[in-house]
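Here is the structure we will look at, set down as structure tokens.
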Amino acid sequence: MKQAEELQQILRRIDHKGYPAYKDTAGAYQFRDYVLSIDHVQGDPFASPSKVSIHIDGKKAGFPADMTGEKHTRIALADALIRRFGKEAEQYSHKAKGSGKSGLLSVSRPGQEVLERSACEISPGSGDLVVRLEIGFPANGRTINSGELIKILFRFLPECVQNALFYKNADQKHLKAVKELAQDQHFIRGQLKERKLAAFVADGAVLPRESGISDRPMKQAVAFLSPESMAVELDLPYAGRIRGMGIPQGITLIVGGGYHGKSTLLKALERGVYNHIAKDGREYVITDDTAVKIRAEDGRSIRGTDISMFINGLPNGKDTRSFATEDASGSTSQAANVIEAMEAGTRLFLIDEDTSATNFMIRDELMARVVHPKMEPITPFIDRVEELADGYGVSTILVAGSCGSYFYKADHVIQMMQYQPKEITQLAKQEAERFLDLTKDKPALPAAERPAFHRVFAAARKASQNDRTKIKGMGKDAVSIDRDAIELRYVEQLVDSEQTMALGYMVKYAKQHLFDGKRDMQEIAGLLERLVEEKGVGAVCEGRYLPCNLARPRVQEIFACLNRCRTLG
């Protein structure tokens, strides 16, 4: 390993040379308290910035073992450090002048959720710390300006590192609060399983967001308050006793008038599969972490999915035990989304009537009398929802604004009134009994055959050692792999564009190493999940350096991405 002084010598030697001479700086350099690694040097001042990483020995970093020992506290600490480092770097970004991206200091910019990221990783046991960022190496035109890069690497960056990445210089009270919140959130997740709850929403939670383009809490919003009949009290390790609404496993209906908060509650439950930072308002909105938002998705591709639980006897004779299409309808796409979520191990469906295919969700009795059931290939979700709960252990939380037939199926009914919940299960059941129930004489539906999950795809091409497959993220909407786009805009629990990038690398890795014509989808997704669990989200990247812009998706989103990849056999 070279010393920091050698880096200065290299920079002075190449000053005023052509930009490619910056390649001479690649390598690792020992600074006083850390190692600076220049992992990739951009080829042009207008190109993607250079990739740099900072490595700090755990003993020097000095973070306590109770912050680095357990995975959930390590991730929370890493999240807090990258936020702090980002604020420090922002002060210096573009303070060094030049053309193109000269002087840029760019680090991951986390949102309201706490995610495992390649931007900051902490090793279990040792507490060794790695932070990854991008720096625009300065130039005048395309001529190296070493003086400005020396300013970045020897003045600006050391300030950022010292202020943000060493425990002795940190806001220790804040980091203690971060650790304690992570412990409390982890405790609640354990309590969901113990108490057989699908979700928990704490009293005082702020569910509405600031705007359609801001995920921050709305100011002066109505704070959540649990109805007494559904109230649960939990004794948290650090926050002490809290009270909130416990949504039991089973079938729960959320109803109410327009603009009263039905979809806002469901959106908070969607995001509750992730932990949130303090003051987000949803810190203690905790949902079963396998939950999947289900919706219709017209036009998506489907590959060999068994949708026969819901759709049979199509007029064109298509096999619904292994259904495939390049352009799914609303009902077939929603059926596939349900089955694929089950394949991914979900224990909870989250459904909004507004984004569902009506003919998939329900078929009223009048329509059944006019169009004979034998002429209808769709078995609606309402006819399977109890079977899913009782036979497969998959609960459902459904937002319904106009469909009252689900009152007959629901175990619990919650009415939202001016953003406050009220349990009306008994009232809903009584009114349903008084209503003309056309389902009373309906013959019982036979149980569906268990869906077949053994989907095997043809072996993919083997990559050469010089494989140049390009991964390009398109926000949260899509990821492109060598110009083949995978549409993800309706995979609604992707909350960060860095998750989308990680999924691109996972698909690339799976195509090169896992699709062998023998492994099925469950095995492939499981292998990817175990790989990133054991070695970090960057384990699927096989280039010369680890990208700094990856965030770990759940296994449910790994399945969703693979299922939407049109280039699989």
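Here the structure is a predicted model, which means the values were calculated and not measured.
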Between Arg552 and the options Glu498, Glu529, Glu113, the salt bridge (Lys or Arg N to Asp or Glu O under 4.0 Å) test singles out Glu529
N-O pairing of Arg347 and Asp289 below 4.0 Å:
yes
Any heavy-atom pair between the side chains of Leu550 and Gln499 that's under 4.5 Å?
no
Heavy-atom check, side chain of Val399 versus side chain of Leu253, under 4.5 Å:
no
Under-4.0 Å salt bridge between Arg282 and Asp215
yes
Please check if the number of heavy atoms outside Tyr490 that lie under 6.0 Å from its OH is greater than 12.
no
Classify the ring geometry of Phe360 against Phe381: parallel below 30°, tilted from 30° to 60°, perpendicular beyond 60°.
tilted
Salt bridge or not for Glu121 and Arg74, using N-O below 4.0 Å?
no
Please answer whether the main-chain N or O of Gly257 pairs with a side-chain N or O of Lys262 as donor and acceptor at a distance below 3.5 Å.
yes
How long is the gap from CG on Leu133 to CG on Asn549, to the nearest 0.5 Å?
12.0 Å
Electrostatic pair Glu533-Arg530, nearest N-O below 4.0 angstrom:
no
Considering non-hydrogen atoms only, spot the tightest contact between Ser53 and Asp39 and give its length.
OG-OD2, 2.8 Å
In terms of heavy-atom contacts, Arg209 and Ser214 come closest through CB-O, 3.6 Å
Greater than 12 external heavy atoms within 6.0 Å of Lys196's NZ
no
Using side chain to side chain donor-acceptor pair (under 3.5 Å), reason through Thr73 and Gln183 one step at a time and then give a plain yes or no.
CA-CA 7 Å; Thr73 55; Gln183 292 281 37; 5.4 Å; no
Walk me through whether Glu523 and Lys518 qualify under salt bridge (Lys or Arg N to Asp or Glu O under 4.0 Å).
CA-CA 10 Å; Glu523 188 176 0; Lys518 298 175 183 176; over 6 Å; no
Give a yes-or-no answer on whether the side chains of Ser402 and Glu353 include a donor-acceptor pair shorter than 3.5 Å.
yes
In Lys476, Arg117, Gln112, the residue satisfying side chain to side chain donor-acceptor pair (under 3.5 Å) with Asp496 is Arg117
Between Ser333 and Glu297 (side chain of the first, backbone of the second, donor and acceptor by atom type, cut-off under 3.5 Å), is there such a pair?
yes
Tell me, with the steps shown, if Thr346 and Gln556 meet side chain to side chain donor-acceptor pair (under 3.5 Å).
CA-CA 8 Å; Thr346 188; Gln556 283 74 25; 5.7 Å; no
Is the closest basic N to carboxylate O distance between Arg564 and Glu487 below 4.0 Å?
no
Compute whether any side-chain donor of one residue and acceptor of the other, for Glu116 and His72, lie under 3.5 angstrom apart.
no
Judged by atom type as modelled, is there a donor-acceptor pair below 3.5 Å linking the side chain of Thr305 to the main-chain atoms of Ile302?
no
Checking Arg554 side chain against Val273 main chain: does a donor-acceptor pair fall under 3.5 Å?
no
Check this for me, if you would: do Glu326 and Arg300 make a salt bridge, where the nitrogen-to-carboxylate-oxygen distance has to be below 4.0 angstrom?
no
Would you check if there is a donor-acceptor pair between the side chains of Thr332 and Ser329 at a distance under 3.5 Å?
yes
Heavy-atom side-chain contact between Ile247 and Leu269 under 4.5 Å
yes
When you measure from the side chain of Lys51 to the backbone of Pro49, do you find a donor-acceptor pair of N or O atoms at a distance under 3.5 Å?
yes
Report, as yes or no, whether the 6.0 Å neighbourhood of atom CZ on Arg216 holds more than 12 heavy atoms from other residues, nucleotides or ligands.
no
Just verifying a value: how many Å separate Leu129 CG and Phe85 CZ, rounded to the nearest 0.5 Å?
10.0 Å
When you measure from the side chain of Arg519 to the backbone of Leu514, do you find a donor-acceptor pair of N or O atoms at a distance under 3.5 Å?
yes
Not counting sequence neighbours, which residues clear salt bridge (Lys or Arg N to Asp or Glu O under 4.0 Å) with Glu449? List them please.
Arg321
Can you find a pair of side-chain heavy atoms, one from Ser108 and one from Cys548, that are under 4.5 Å apart?
no
Is it true that a side-chain atom of Thr425 and a backbone atom of Val413 form a donor plus acceptor pair closer than 3.5 Å?
yes
Using the ring-ring contact (aromatic ring centres under 6.0 Å, His included) rule, collect all pairs that involve residues 253-306, keeping only residues at least two apart or in two chains.
none
Would a distance-only check, ignoring hydrogens and angles, find a side-chain to backbone donor-acceptor pair under 3.5 Å from Glu387 to Ala448?
yes
Compute whether any side-chain donor of one residue and acceptor of the other, for Thr567 and Lys511, lie under 3.5 angstrom apart.
yes
Closer than 3.5 angstrom, by distance alone: can the side chain of Asp79 be matched with the main-chain N or O of Val114 as a donor-acceptor pair?
no
Would you call Glu492-Lys267 a salt bridge at under 4.0 Å N-O?
yes
Nearest-0.5 Å distance that lies between atom CG in Leu562 and atom CD in Glu343
10.0 Å
Which pair of heavy atoms, one from Ile558 and one from Leu503, lies closest together, and at what distance?
CA-CD2, 3.7 Å
Nearest 0.5 angstrom please: Arg132 CZ to Ser106 OG, how far?
15.0 Å
Under 3.5 Å: donor-acceptor pair, side chain of Glu283, backbone of Gly281
yes
Minimum side-chain heavy-atom gap Leu81-Val131 below 4.5 Å:
no
Value for CZ (Arg455) from CG (Leu568), rounded to nearest 0.5 Å, stands at 9.5 Å
Side-chain donor-acceptor contact under 3.5 Å, Ser308 with Asp306
yes
Point-to-point distance, once rounded to the nearest 0.5 Å, from CG of Leu181 to NZ of Lys279:
12.0 Å
Beyond-backbone contact of Gln334 with Phe310, side-chain heavy atoms, under 4.5 angstrom:
no
